[in-house]
Every structure is written in C-alpha cells, then in structure tokens.
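All values below come from the heavy atoms of this structure, side chains included, with hydrogens, waters and symmetry mates left out. Note that this is a predicted model, so its numbers are computed, not measured.
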Amino acid sequence: MRASPSPSLVGMAMLVVTLFANLIAGASAATKAGPSSATWMAESIMSRGQGIMTGSGGTSELLQAGITQRALSAFVAQYPDSSLAHDAREYIRKSAKSVVPFTLNASHDALSYPLDRLSTGNALLALSSDSPDNRDFEIETTFLDAADALRESIDLNRRTPDSGLWYFVYPDWCYLDGMWSLTPFWTAYSVYAESSLGANQNSTRDALFEMYYQLELLWAHTFHSPTGLLVHGYDASFAASWADPNTGASPHVWSRSLGWYTMALVDTLEILDLYPLTDPALRCVMVEKFGKLASALVAAVDPTTGGWWQVMDAPGREKNYIESSGSAMFSYALMKGARLGYFKNATLADTAKSAGIRAYEYVSDTFLVAEVNHTLGYNGTVSVCSLNSTASYDYYVGQPINYNSVLGSGAYVLAALEAERAGVYW
C-alpha cells in the first residue's frame, strides 16, 4: 500500500507534473473581455471529442491524448476561475480515464507503443494526487497505477548499444519526436518518487541525468551544422538507407519533430526549477542547449511570414511550405523560455519573445478558421512523418495536410496562452 504523500510535497510534486507554475507562484494572467483564442480553441477541441483514446485511432492516439491533456491543463492553470475551467478539468479526467486500460501493462506499453505513450503520464500523476484541482472528483488509484506502468515501461524500452531509447519498433532508431513525451514525465515522476514513495535524492539525481542523456544523445547524432538545428532522428546501427555514414543521422530537419524536442527542453526546465535539489550542472547544460537551439530557430524564421518551414533546412524550396504545428510549438517554446528567464543573453531573450509573438500572430491569421457551428478550426498541420520511409525531401513535403489535427491545435493553445500572458490577443 502506498504511503500518503506529505502535504508540503504534494504541492510541489503534483503541481509540477501538470506544469501549473503560475499557480505555485501565485501568479494570475491578464484576462480579456470575451473569449480569447486559447479559450475558443480549448473549447473547440473538447467539442470535437479529441484526445479521447479508443484503441482504434492508430499509434498516435496516446500522443493526441497527451497534447490535449497538456493544453487543457495549461489552460486551467492560467484561467482557473474561467467559466470553461470546470469543464476542462472534467475533460482532462475523461481523457486520462480513456488511456488507463491501454497503459496498465508496462511490458505491453514498452513493446507496443512509441515513446509518445509517456505524454499522458503527467496528467495521470496529477489526477492521482490530493491536490486542490481534484477537490470535485474522487481520486482513482488506477491513474497512479497507469503512471507507474508508464514509468516502468521506460526501463523496459528497447535501447541502442549506447543506451539510446528506441522511439518505436524500428531497431536502433531514435527520434526527436519522443522527447516531449519522455523528459517532462520522467522528471516529474522522479520528483514524485522522492517526495511520495521515499526514493532517495541520489536516485532522483541519477534518474534526472539519465533523462538528460537521452537529449544529449540525440543532439550529438542529429546536430545539423549548417543551420544549428537538429534533424529528425538517427539510426545507431547505420543500416537505414537514409543514415549518414558518420553519425547515423537522417537527412532533413522536420519542423514538428524539432518542435517536440524544443518543447521538451523548456517544459523539463520548468519542472527542474520547481525541484529545490536540481543539480546546477544539469540545469546549466539544459539552459545552454535551449539557448543554442533558440538562436538557431530565430535565425531560421521565414522573414516574410514569421513562421517556420516544414523542411527547415530547405527554406523557400519548391513545394516547401510554412507548417502550422511546428510553428505553434516554436512560438510557445520561445515565448515561454523568455518569460521564465532561460536566455542568458538579453538580446536573445528579446528577439526570441518577438519571434514567438510574431509567429503566433501569423499562425492565428493564417490557420485559424471560424466555423459556422461557432467552433474554431485549425488548418495547415502535416500528417505524421516517419523515418520508416525514404526520409527524403519529397517525402516530407508530400505528406497530407490535416484539418483540425489536435497535434497542431493543442500546440496552438499552448502558444496562445503564452501570448496572452504577454498581453497579445487574437
């Protein structure tokens, strides 16, 4: 039987895992008369029934649930007293309940789902806590059982010879895509285990450095020198037709995969900053990586639109286009990084924030669609792109564009919330 968490640590661990930093700090965001675009999109996602796991929606279903839970959790954190907040809390719970039956078996999790499965872990942890946000609901032990199984599945996940986590079933292939699902959850669970399960501080420290090692491996193998960005992934066995003979890297920088990695850095840093025993050396290297990547992202902005290209190492090339999910992810990460003080250079902080706001405004003007049923649609999000392909330029620009993909609209909610914190509304 699990021991009850210490009340003093529940506030830290459980609010950390849902990224409710503004509630911990006692901050409140500025509000605007009438629905903001973040509110409108959050409500629209719920009205479309997105982010609910059915088991028949393909391998990205858990990621769709995870981004929905994260976007709505961020919304509730920023606007806890809004008329939509209660419905959003109920919807997060509904989404989390839908994933529980699919994630209770750690071995099955590790062998049957991509690392994206872990994107639901933060909500599962939060819903298992005795926090104020759960005051209207009965706490269910199955939420924590599922979170425990997801954490165990990391240990059971197949690895490359240098201990890189396979993204999915493809032998020795590691993707940027899985990092946003992996690192915030692994970090939050490690903090939770120390505060609530009695794990010692050395175990937490070791887990956090192992978490960072996955980020570092990907950086080392996928760094694209001409742009300072990271390509989609790498094959540690060098067997893939697309693998670089020296690094194993795939040939192109795909915007959404890099978006997941960039959000992983800023969201994980936020959690680490709320854990009082974070090793300064760990925080330092993560801040440094985020700063380098942010500088490269600012340089990669399309000067005409303020968005980012689908294939980022080929700006302006025929058939290339500004993609809405990656652009929203970068917008969110740059604004959030500036707000939380993760840029050592004041000039970079200003330019990153400006780039994030400009991208938010472009995405809002270009990809939002006011529907006749009064919901807000979201266009311009590319379908899933996989390295189980030619990984060629033509492959990336030839994938279908999806309307109302929650992978794009969920990222948009996160970007809109950051913009609204800065007093920018659409």
Side-chain angles (χ1 to χ4, degrees), residues 15-46 50-51 66-89 91-92 95 119 122-123 126 133 180 184 259-260 262-271 274 324-342 352-365 367-368 376 378 381 406-426:
L15 295 182
V16 161
V17 298
T18 47
L19 304 180
F20 290 175
N22 57 318
L23 291 182
I24 294 172
S28 58
T31 57
K32 176 191 176 186
S36 67
S37 63
T39 302
W40 193 0
M41 186 61 78
E43 187 172 27
S44 299
I45 288 170
M46 291 189 288
Q50 294 180 289
I67 187 69
T68 299
Q69 293 161 13
R70 201 78 63 88
L72 294 179
S73 294
F75 173 81
V76 171
Q78 190 155 319
Y79 298 124
D81 299 321
S82 74
S83 59
L84 190 65
H86 180 76
D87 288 346
R89 290 187 182 98
Y91 199 90
I92 295 164
S95 175
S119 64
N122 290 53
D133 282 308
W180 180 76
W260 293 125
T262 307
M263 293 201 302
L265 288 174
V266 71
D267 286 352
T268 303
L269 274 167
E270 182 182 26
I271 298 173
L274 293 166
S324 68
S325 63
S327 292
M329 291 173 176
F330 297 138
S331 171
Y332 160 73
L334 292 175
M335 285 189 282
K336 183 172 183 175
R339 173 173 63 84
L340 295 179
Y342 294 148
K353 179 180 179 181
S354 296
I357 290 173
R358 186 185 178 206
Y360 162 73
E361 292 174 331
Y362 172 77
V363 166
S364 299
D365 290 340
F367 298 115
L368 296 186
L376 189 61
Y378 197 73
T381 298
V406 77
L407 302 183
S409 59
Y412 177 79
V413 170
L414 294 173
L417 289 169
E418 285 298 327
E420 290 166 17
R421 281 178 175 273
V424 178
Y425 292 84
W426 181 80

Q. What are the two closest heavy atoms between Pro184 and Thr268, and how far apart are they?
A. N-OG1, 3.4 Å
Q. Are side-chain heavy atoms of Tyr342 and Glu270 found at a separation under 4.5 Å?
A. yes
Q: Could you tell me which residues satisfy side chain to side chain donor-acceptor pair (under 3.5 Å) with Thr381, sequence neighbours excluded, listed by chain and number?
A: Ser324
(Q) Tell me the closest heavy-atom pair linking Ala42 and Leu84, and the distance in Å. (A) CB-CD2, 4.2 Å
Q) At what distance, to the nearest 0.5 angstrom, does CE of Met329 lie from CD1 of Ile67? A) 5.5 Å
Q. At what distance, to the nearest 0.5 angstrom, does CG of Leu368 lie from OG of Ser37?
A. 6.5 Å
Q: Please confirm whether the backbone N or O of Leu417 pairs with a side-chain atom of Gln78, one donor and one acceptor, at under 3.5 Å?
A: yes
Q) Could you give the distance from CD1 (Ile92) to CZ (Phe75), rounded to the nearest 0.5 Å? A) 10.0 Å
**Q.** Euclidean distance, Arg421 CZ relative to Met335 CE, rounded to 0.5 Å
**A.** 11.0 Å
Q: Quick one: closest heavy-atom pair of Gly408 and Ser325, and the distance?
A: CA-CB, 3.7 Å
**Q.** Shortest non-hydrogen separation from Ala355 to Leu334 and the atoms involved
**A.** CB-CD1, 4.2 Å
Q: Find the distance between CD (Glu418) and CG (Leu414) and round it off to the nearest 0.5 Å.
A: 8.0 Å
Q. Listed by chain and number, what are the ring-ring contact (aromatic ring centres under 6.0 Å, His included) partners of Tyr412, not counting sequence neighbours?
A. Tyr360, Tyr378
**Q.** Shortest non-hydrogen contact between Ala422 and Ile357, atoms and distance
**A.** CB-CD1, 4.4 Å
Q.
Measuring only between side-chain heavy atoms, which start at C-beta, is Ile45 closer than 4.5 Å to Val413?
A. yes
Q: State the CG-CH2 distance between Asp267 and Trp260, to the nearest 0.5 angstrom.
A: 10.5 Å
Q: State, with a plain yes or no, whether a side-chain heavy atom of Trp426 is found less than 4.5 Å away from one of Asp365.
A: yes
Q: Go through the structure and list residues passing side chain to side chain donor-acceptor pair (under 3.5 Å) with Thr262, not counting sequence neighbours.
A: none
**Q.** With Ala338 via side chain to side chain contact (heavy atoms under 4.5 Å, CB included) - residues at least two apart
**A.** Phe343, Lys353
Q.
Do Gln50 and Thr68 pair up side chain to side chain, a donor and an acceptor below 3.5 Å, judged on atom types alone?
A. no
Q.
So does Ser36 get a backbone contact from the side chain of Glu420, meaning a donor-acceptor N/O pair under 3.5 Å?
A. no
Q.
Do Pro80 and Arg89 make a side-chain contact, defined as non-hydrogen atoms from C-beta onward lying under 4.5 Å apart?
A. yes
Q.
Within the structure provided, determine whether Asn122 and Gln69 are in side-chain contact (heavy-atom separation under 4.5 Å).
A. no
**Q.** Non-neighbouring partners of Asp87 that pass side chain to side chain donor-acceptor pair (under 3.5 Å), sequence neighbours left out
**A.** none
**Q.** All ring-ring contact (aromatic ring centres under 6.0 Å, His included) counterparts of Tyr91, not counting sequence neighbours
**A.** none
Q.
Please check: side-chain N/O of Ser331 versus main-chain N/O of Ser327, any donor-acceptor pairing under 3.5 Å?
A. no
